[in-house]
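The next block holds one structure in the form of structure tokens; read it before the comments.
Predicted model, so just to flag it, every value in this text is computed and none were measured. Reminder, nothing fancy here: chain letters follow the sequence lines and each chain counts from 1.
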Number of protein chains: 2
Amino acid sequence: MVNSRIRADRAGATAAEWAVARGAAPLTQSLPEQIAAQLSERIVTGAYAPGQRIMEQAVAAEFAVSRGPVREALRLLERDGLVTILPRRGAQITNLSSAEVKEIFDIRAVLNGLRDRQLAEDPDRLRLLPALEAEVAKLARFARQPELGEAYVETVFALNRLLTQASRNRRLRMILDSLALQTLRYSKLGLSTPQRRRQSVQHWQKLVKAIRDGDGAAAERVAQQRVLDSRDAAIRQLEAHPAGASAQEGKARRAA
Amino acid sequence: MVNSRIRADRAGATAAEWAVARGAAPLTQSLPEQIAAQLSERIVTGAYAPGQRIMEQAVAAEFAVSRGPVREALRLLERDGLVTILPRRGAQITNLSSAEVKEIFDIRAVLNGLRDRQLAEDPDRLRLLPALEAEVAKLARFARQPELGEAYVETVFALNRLLTQASRNRRLRMILDSLALQTLRYSKLGLSTPQRRRQSVQHWQKLVKAIRDGDGAAAERVAQQRVLDSRDAAIRQLEAHPAGASAQEGKARRAA
DNA sequence: GTCAAGAAGATTGTTGACAATATTACAAAA
DNA sequence: TTTTGTAATATTGTCAACAATCTTCTTGAC
């Protein structure tokens with residue numbers, strides 16, 4: 001709980017941890033950005049439960065700053081969709097209904113399609129292939145295991161990061177990062193059965209092939225299908241176990 | 001310049017003007033939101049030139065509030081991509097390079113495709129058709145005139161708003177609104193020749209037909225093509241007249 | 001005349017206090 | 001026991017002042 005090293009060294013050694021893929025960030029992160037990054041970490045890892053309210057005072061006290069920077073940090077998190085701010089009612093961790101999760105996956109499907117099509121049509125795409133193939137190979141190994149391990153999930157995320165960061169379209173990178181962050185915890189749900197994992201690996205292999213061949217249309221098709229399959233699997237899990245993604249649910253209050 | 005009615009009545013009569021399509025806004029707009037809406041208006045109408053710096057003090061004085069709410073307003077505008085905030089250097093009106101304009105149009109193409117495909121596949125879509133057809137008819141009339149009139153441009157925007165607001169996907173609506181706002185001034189560029197306008201009308205007619213027929217694939221195809229054509233025309237204009245979209249350019253300073 | 005260094009001014013970043021509003025706890029009545 | 005009104009508390013919204021940093025202007029040397 002003692003996280004008040006922030007004031008000591010603002011551009012400290014752990015800055016890299018916090019840099020959650022914000023496009024072209026300045027070298028020195030501002031105080032609100034640092035606070036936002038820390039809170040962001042807690043939200044996506046589930047330390048804060050969906051629906052939970054975040055009090056400015058508590059956060060300010062913990063980081064040993066005044067409420068001003070905390071307020072701005074919350075606005076940054078709102079931009080990323082991680083918290084929802086209501087006037088006179090403060091910020092609370094965004095709680096996505098299964099309908100909203102579906103909406104986000106729908107958007108991710110077409111945007112991932114755009115990203116991968118443009119990547120496949122990029123003359124300079126060969127630079128990426130080795131890293132891409134290495135990750136997919138790892139994925140294929142992990143997929144043989146009967147249980148869903150953390151390594152598998154991590155590799156899938158790494159693949160997505162790799163592709164998104166390679167996109168030449170800055171705004172696309174930002175939107176995709178934001179949407180990926182919002183659905184992070186739900187994405188795992190889509191990989192829970194061995195069958196889904198085998199299918200996922202096949203999709204990735206096809207995608208790498210399409211990129212290697214410079215076949216933009218194929219890359220787009222595969223990318224879209226992959227996200228849509230992931231969407232359906234996640235939604236199925238979500239509706240089977242309504243409280244699925246989060247540790248606690250709903251009325252959780254008072255984190256201080 | 002006397003815009004300080006803000007403090008008098010927060011939910012006043014002009015609230016509708018300010019409500020620039022923010023998804024499911026609470027009935028009472030907060031002070032930062034009101035300030036952001038006013039500034040947003042000025043930015044998209046060109047009252048503030050791209051690249052121009054916005055001083056917190058000046059805005060605060062004009063609206064008769066302290067710098068706190070102004071700061072939050074600027075963060076809101078940053079979220080919408082209308083201003084760019086640099087640490088210790090404040091906010092300035094976002095100045096899009098032609099490459100960035102192209103990037104945004106690329107994203108709009110696939111997202112408009114998604115929007116219109118889902119609309120065409122919506123069982124309840126018939127409710128929309130009359131309004132849609134009326135607007136397209138207006139468009140066809142205006143397109144016969146040799147000059148690009150304000151009425152034509154307005155109708156195109158109205159059509160887009162109509163479709164976006166009809167989408168059932170809230171997050172898609174928000175992203176599309178934001179992107180449309182950012183490229184508002186550039187969109188006009190894509191309609192400057194009579195030939196382009198005739199082509200545009202044809203696209204809209206095809207789109208309405210696809211929606212009426214419930215042909216999602218066709219709707220998606222037409223929507224994408226329409227945006228891409230608009231993109232190419234806008235980029236051509238932009239590179240022909242580099243200072244094209246904005247009244248003034250570049251180093252403009254000191255608005256107070 | 002051009003460039004560099006330093007000082008003066010302007011602007012953003014942060015803070016703590018106060019005001020306005022929302023939430024909770026409690027008591028009284030149905 | 002449940003509901004409703006009211007008081008107490010907690011929380012957000014706003015402000016004005018101060019600190020840190022950046023910009024601009026002036027001065028001087030080459």
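The side chain of B/Pro32 sits closest to D/dT14 out of D/dT14, D/dT12, C/dG13. Here the side chain of A/Arg67 is nearest to one of C/dA17, D/dC22, C/dT21, namely C/dA17. Listed nucleotides: D/dT14, C/dT21, C/dG16. Nearest to the side chain of A/Ser66: C/dG16.
The CZ atom of B/Arg88 sits 7 Å away from the P atom of D/dC22 (whole-angstrom rounding). Rounded to a whole Å, the CD atom of A/Gln57 is 15 Å from the P atom of C/dC18. Between the CD atom of A/Gln29 and the C1' atom of C/dG13 there is a distance of 16 Å, given to the nearest Å. Distance CZ (B/Phe63) to P (D/dG13): 19 Å, rounded to an integer number of Å. Distance B/Met55 CE to C/dA10 C1': 8 Å, rounded to the nearest Å. One interatomic measurement links the two molecules: CZ of B/Arg53 to C1' of D/dC22, which rounds to 8 Å at whole-angstrom precision.
When the side chain to side chain contact (heavy atoms under 4.5 Å, CB included) test is applied to A/Leu128, the partners found at least two apart in sequence or on another chain are A/Leu119, A/Leu162, A/Ala166. Remark: B/Glu135 engages B/Lys138 in a salt bridge (charged side-chain N to carboxylate O under 4.0 Å, His left out) (not counting sequence neighbours).
Contact between the side-chain N/O atoms of B/Arg71 and the OP1/OP2 oxygens of C/dG13 is found at a separation under 4.0 Å.
The pair B/Asp106-B/Lys102 meets the salt-bridge criterion, with a side-chain N (NZ, NE, NH1 or NH2) lying under 4.0 Å from an Asp/Glu carboxylate O. For the pair A/Glu72 and B/Arg75, the salt-bridge criterion is met [side-chain N within less than 4.0 Å of a carboxylate O].
If A/Arg89 and A/Pro69 are placed on DNA chain C by their nearest nucleotide, the residue sitting closer to the 5' end is A/Pro69.
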